[in-house]
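Single-structure report; data block below.
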Number of protein chains: 2
Amino acid sequence: MRKKESTDYANEQSLFTICERNSAISMISGRWKGQIVYYISQGNDRFHLLQQKLPNISETVLARQLKELETHAILVKREIPNTVPTGIKYILTNKGVDLVPILDSLCSWGKLYADGKKIVVPAENRVGANAKAVAKPVS
Amino acid sequence: MRKKESTDYANEQSLFTICERNSAISMISGRWKGQIVYYISQGNDRFHLLQQKLPNISETVLARQLKELETHAILVKREIPNTVPTGIKYILTNKGVDLVPILDSLCSWGKLYADGKKIVVPAENRVGANAKAVAKPVS
DNA sequence: GCAATAACTGACAAAATTGTTAGTGATCAA
DNA sequence: TTGATCACTAACAATTTTGTCAGTTATTGC
């Protein structure tokens, strides 16, 4: 449980007020979350299906990650009628569905550079490129 | 320092091999990283400028976050000639520049729902909707 | 009666991240 | 000589995240 008096908590909250970027990042941070959202978007919408897809996750941890995603309204749980024992379906909300293409773009971005795209310093950013970098001794 | 024998480390590595989405998320996770990348993209490219923008971050923590961003080649450090003491400029690489619009889209996504966009379960995903055709690529 | 199933929860331990404190070197201004 | 600046680093403590183990509910099949 979070300590509401910790510096870490206070810093996190202040970042959340600066920009939603920071709360968005915190919602998708977490060992398995991005992959879980992706798998659900692909139709693996049951607990045991997610376990099959992620053979190294434990039940406890999967349940915890799903609950956090639910807390952030990225998904909802629904009981499946007439199943024994009662089955649960994990369903992406519109918020979760909207997240998927952003995760895809993160994926492409990572892949591009992992696949060898040259990493360079754009010309306009180089030291000496603009007048702002005038060397000036302190005070 | 990471323990290379831990379950956590092994799980992280296996997620990295499943999809670059997971390494991308880990590169931007971290209390201050998204905001730092944004501020640098806005021209706050010096250590002390970032400190001004983030008054609650300590020098140690800022240095650490910058070093991690450098490790992932999102930015590079360059000495500014003829400055005393020697100034350092933080420069986004092309990889870092490409990340900025993705962070922006995370920001918009977060803001949309924080500002009150209704959260609903899309009709085609509701329990009882017709059996979904399961398309599933490798990831 | 016993095991199997689906989907969990609580308590705790291990590990990782974040924050704190103290210190560095070179240079200049007072 | 003292103090200020810039941009750090090392060592350690606090906090958070992740993983592990045991147990739960309700039903059905053998």
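Source: prediction; values computed, not measured. Letters go in sequence order (proteins before strands), and every chain restarts at 1.
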Does A/Lys67 place a side-chain N or O at less than 4.0 Å from the phosphate oxygens OP1/OP2 of C/dT9? yes

Under 4.0 Å between any heavy atoms, over every strand shown, what does B/Val61 touch: base, sugar-phosphate, or nothing? Just pick one. base

Between C/dA6 (P) and A/Lys89 (NZ): distance, integer Å: 17 Å

Below 4.0 Å: OP1/OP2 of C/dT18 and any side-chain N or O of B/Gln65: yes

Tell me whether A/Thr93 contacts the main-chain N or O of B/Val121 through its side chain, where contact means a donor paired with an acceptor under 3.5 Å. no

Answer with base, sugar-phosphate or nothing: what part of the nucleic acid does A/Thr83 contact at a heavy-atom distance below 4.0 Å? nothing

Which of the following nucleotides, C/dT17, C/dT18, C/dC28, is nearest to the side chain of B/Arg64? C/dT18

Just the rounded figure in Å: distance from C1' of C/dA7 to CG of A/Leu49. 13 Å

Can you see if the side chain of B/Arg46 gets near the phosphate of D/dA7 - specifically, an N or O under 4.0 Å from OP1 or OP2? yes

Ignoring backbone atoms, test whether B/Thr86 places a side-chain nitrogen or oxygen under 4.0 Å from the OP1 or OP2 oxygen of C/dA26. no

Could you please name the option among D/dG19, D/dT17, C/dT18 that lies closest to any side-chain atom of B/Asp8? D/dG19

If you compare every side-chain N and O of A/Trp32 against the phosphate oxygens of D/dG19 (OP1, OP2), does one of them come in below 4.0 Å? yes

Length of the line joining A/Leu15:CG and D/dT16:C1', which is rounded to integer Å: 16 Å

Does a nitrogen or oxygen in the side chain of B/Asn11 sit under 4.0 Å from OP1 or OP2 of D/dG19? yes

Using only side-chain N and O atoms of A/His48, determine if any of them is under 4.0 Å from OP1 or OP2 of C/dA7. yes

Heavy-atom neighbours of A/Asn82 CG exceed 12 at 6.0 Å: no

Exercise: do B/Glu68 and B/Thr71 side chains pair donor with acceptor under 3.5 Å: no

Out of D/dT18, C/dG19, D/dA26, which nucleotide sits closest to the side chain of A/Pro85? D/dA26

Nearest-Å distance, CD (A/Glu59) to P (D/dT18)? 19 Å

On DNA chain D, compare the nucleotides closest to B/Lys77 and A/Lys3; which residue's is nearer the 5' end? B/Lys77

Please tell me if A/Thr7 has a side-chain N or O lying less than 4.0 Å from either OP1 or OP2 of C/dT20. yes

Between D/dT16 atom P and B/Arg2 atom CZ, what is the distance in whole Å? 19 Å

Counting only side-chain N and O atoms of A/Ser6, is one of them less than 4.0 Å from OP1 or OP2 of D/dT16? yes

Calculate the interatomic distance between A/Arg31 atom CZ and D/dG19 atom P; express it in whole Å. 6 Å

How long is the line joining CG of B/Leu62 and C1' of C/dT17, in whole Å? 16 Å

In whole Å, what is the span from the CD atom of A/Glu12 to the P atom of D/dT17? 7 Å

Of the options C/dA7, C/dA16, D/dT9, whose atoms approach the side-chain atoms of B/Tyr9 most closely? C/dA16

Which atom of A/Trp109 lies closest to which atom of B/Met27, heavy atoms considered: CH2-SD, 3.9 Å

I'd like to know if the side chain of B/Lys95 reaches the main chain of A/Lys117, judged simply by a donor and an acceptor atom lying under 3.5 Å from each other, with no hydrogens or angles considered. no

For B/Tyr113, does the OH atom sit with more than 12 other heavy atoms under 6.0 Å from it, leaving out its own atoms? yes

Pick the nucleotide of DNA chain C nearest each of B/Lys4 and A/Leu66; which residue has the one closer to the 5' end? A/Leu66

